[in-house]
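The structure displayed is predicted, hence computed values, not measured ones.
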Number of protein chains: 2
Amino acid sequence: MTTDRPTLHFVLLALLTLRAQSGFDLSRTFTEVASHYWSARHSQIYPALARLEADGLVEHRREPSERGPERKVFSLTSGGRDALLGWAAEPADEAPLRDEQTVKALCYGLLPTEVALSQLREVRERHARRLEEYSTLEGQIASASSAAPPLPDPARLGILLTLRRGITFESGYVEWCDAATELLTTSDVAASRPRKATPGA
Amino acid sequence: MTTDRPTLHFVLLALLTLRAQSGFDLSRTFTEVASHYWSARHSQIYPALARLEADGLVEHRREPSERGPERKVFSLTSGGRDALLGWAAEPADEAPLRDEQTVKALCYGLLPTEVALSQLREVRERHARRLEEYSTLEGQIASASSAAPPLPDPARLGILLTLRRGITFESGYVEWCDAATELLTTSDVAASRPRKATPGA
DNA sequence: GGCTACATGTAACTAGTTACATGATTCC
DNA sequence: GGAATCATGTAACTAGTTACATGTAGCC
């Protein structure tokens with residue numbers, strides 16, 4: 001059964017291993033705890049769940065909401081679990097990276113130094129903030145069972161690994177911002193570049 | 001003139017600041033030296049160049065090829081340069097990250113340990129290899145003018161910054177692979193997980 | 001009644017990939 | 001003649017975003 005399936009489907013299956021969730025829950029999961037490795041809007045999630053259900057990989061039960069209309073809470077079927085594990089066991093094929101910020105950095109030699117430096121400050125702060133968030137979360141997960149319903153061990157391990165990935169990513173970004181700032185501040189390579197109030201150089 | 005433009009357009013303008021290039025050249029540039037921060041196929045590049053030219057941001061001259069049909073070599077117009085610098089001066093808005101490998105890691109608690117470990121070995125090697133490539137290139141660029149036509153200083157600074165970004169990214173990934181390997185190998189969190197020859201547990 | 005949050009969906013569009021199509025030049 | 005590389009384009013499709021649409025329940 002190697003039906004060709006978009007990656008998003010497997011991402012949804014993976015998130016459903018953590019707990020049964022509705023489309024609405026999954027949408028929040030993406031923005032709240034998975035944004036550093038995947039994201040999707042509800043307009044993409046609902047049709048994907050429908051298709052996964054049609055293919056027998058997930059099933060749902062209806063549940064009243066605390067506040068709002070009835071929820072459709074999805075969980076993995078055993079077929080869904082098999083499909084997920086089959087996918088997860090294969091190494092990921094290389095997906096293209098796209099980082100707008102790095103493209104902007106490619107232009108720093110053509111921008112006034114102060115503009116580049118202030119942009120780097122802003123970017124650094126953004127990533128430093130996330131780094132802190134992930135570190136805090138990691139501490140909470142790593143120290144035994146702080147979650148109200150303590151996570152089962154496989155989920156705990158998985159979440160810990162994704163948090164650590166977030167941490168290495170963000171700390172790498174912060175490191176780069178610092179190195180770039182230093183290069184722009186001190187290096188001779190930056191000497192002959194446009195500056196605000198120095199028409200001559 | 002704040003026409004809304006896809007990011008790819010600005011990426012192409014940025015690459016054209018390095019040197020005048022044909023669509024074919026740009027296509028190779030993406031796979032050879034820009035793949036760690038952007039990529040695009042020729043089927044996307046040619047229409048984008050046509051639109052940039054129609055909008056007056058680039059222009060081309062026809063040039064005979066060494067081997068093959070006539071080339072259309074594009075370069076920035078002054079309007080294109082202005083548009084690029086205006087874009088580059090604004091901090092990048094946050095684009096969603098998508099890393100399939102991290103999603104797989106989320107499932108490691110459900111996979112046999114050896115499968116996860118061997119996957120991590122493969123991934124680590126991939127990133128370590130790239131890290132080495134970027135480091136080598138950085139050394140060549142950083143040590144003065146090794147390029148046949150020595151790069152103008154702004155281009156040299158820009159390229160150096162993108163290489164450094166590649167280096168911090170890849171070394172962060174390698175670091176994560178090592179930490180994940182250790183976690184799977186030694187931690188008690190991994191103790192109660194499926195193993196090849198233990199059907200019970 | 002009006003506002004906010006919960007909840008599920010569809011439609012229209014944009015960005016990006018894969019596949020198709022064509023043709024020049026060089027090397028074997 | 002055939003294969004490989006250079007070179008430019010279009011068509012069809014997939015993935016993802018933005019906008020539209022609808023309705024519930026609770027609070028003020």
Side-chain angles (χ1 to χ4, degrees), chain A residues 3-12 20-32 34-35 37-54 58-74 92-100 103, chain B residues 3-12 20-32 34-35 37-54 58-74 92-100 103:
Chain A
T3 322
D4 198 21
R5 220 169 254 293
T7 305
L8 171 64
H9 285 200
F10 295 106
V11 180
L12 294 174
Q21 296 183 71
S22 67
F24 193 83
D25 294 334
L26 285 162
S27 184
R28 272 189 312 197
T29 297
F30 278 123
T31 58
E32 285 170 11
S35 61
Y37 58 93
W38 206 271
S39 72
R41 306 299 177 92
H42 74 272
S43 60
Q44 210 183 355
I45 295 169
Y46 289 117
L49 286 171
R51 166 112 179 263
L52 285 167
E53 183 156 55
V58 302
E59 60 192 2
H60 80 272
R61 56 175 200 279
R62 300 194 154 269
E63 219 177 60
S65 163
E66 296 286 289
R67 174 187 166 173
E70 205 177 31
R71 296 156 45 80
K72 289 168 71 172
V73 178
F74 288 86
D93 37 299
E94 321 203 29
L97 295 170
R98 289 192 174 90
D99 181 354
E100 209 176 302
V103 182
Chain B
T3 322
D4 198 22
R5 217 169 257 294
T7 305
L8 172 64
H9 285 200
F10 295 106
V11 180
L12 293 173
Q21 296 183 71
S22 68
F24 192 84
D25 294 334
L26 286 161
S27 183
R28 273 190 310 197
T29 297
F30 278 123
T31 58
E32 285 170 12
S35 61
Y37 58 94
W38 207 271
S39 70
R41 306 299 176 94
H42 75 273
S43 59
Q44 211 182 356
I45 295 168
Y46 289 116
L49 287 170
R51 165 112 180 263
L52 285 167
E53 183 155 56
V58 302
E59 58 191 4
H60 79 272
R61 59 173 198 280
R62 300 195 155 267
E63 221 177 58
S65 162
E66 297 285 289
R67 176 184 164 175
E70 205 178 30
R71 295 155 46 79
K72 289 168 72 173
V73 179
F74 289 85
D93 37 299
E94 322 203 29
L97 294 170
R98 289 192 174 91
D99 181 355
E100 208 176 304
V103 181

For [X] and [N], what is the distance between atoms [atom1] and [atom2] respectively, to the nearest whole Å?
X: B/R61; N: D/dT8; atom1: CZ; atom2: P; value: 12 Å
X: A/E32; N: C/dA5; atom1: CD; atom2: P; value: 13 Å
X: B/Q21; N: D/dT8; atom1: CD; atom2: P; value: 11 Å
X: A/H9; N: D/dG16; atom1: NE2; atom2: C1'; value: 12 Å
X: B/E63; N: D/dA7; atom1: CD; atom2: P; value: 10 Å
X: B/D25; N: D/dT5; atom1: CG; atom2: P; value: 17 Å
X: B/Y46; N: C/dG16; atom1: OH; atom2: C1'; value: 17 Å
X: A/L12; N: C/dT8; atom1: CG; atom2: C1'; value: 15 Å

Between B/P96 and B/S22, who's closer to the 5' end of DNA chain D by nearest nucleotide?
B/S22
Would you mind telling me which residue lines up with the more 5' stretch of DNA chain C, B/A40 or A/R71, judged by nearest nucleotide?
A/R71
Please check if any side-chain donor atom of A/E70 sits under 3.5 Å from a side-chain acceptor atom of A/S65, or the reverse.
no
Quick check: does any side chain N or O of [X] sit under 3.5 Å from a backbone N or O of [Y], one acting as donor and the other as acceptor?
X: B/S27; Y: B/G23; value: no
X: B/R5; Y: B/F10; value: no
X: B/T31; Y: B/R28; value: yes

Check whether any side-chain N or O of B/R98 sits under 4.0 Å from OP1 or OP2 of D/dA15, and answer yes or no.
no
Nucleotide nearest B/L8 when distance is taken to its side chain, options C/dT10, C/dG16, D/dG16
C/dG16
With B/E94 via side-chain hydrogen bond (donor to acceptor under 3.5 Å, both in side chains) - residues at least two apart:
A/R130
What is the nucleic acid contact for B/R62, judged by heavy atoms within less than 4.0 Å: base, sugar-phosphate only, or nothing?
nothing
SB check B/E63 B/R61 (cutoff 4.0 Å):
yes
Could you encode protein contacts along nucleotides 18-28 of chain C as a string, one character per nucleotide from 5' to 3', using B for base contact, S for sugar-phosphate-only contact and - for no contact, with a heavy-atom cut-off of under 4.0 Å?
BB---BBSS--
Scan A/K72, A/E53, A/Q21, A/R71 and name whichever one has a side-chain hydrogen bond (donor to acceptor under 3.5 Å, both in side chains) with A/H60.
A/E53
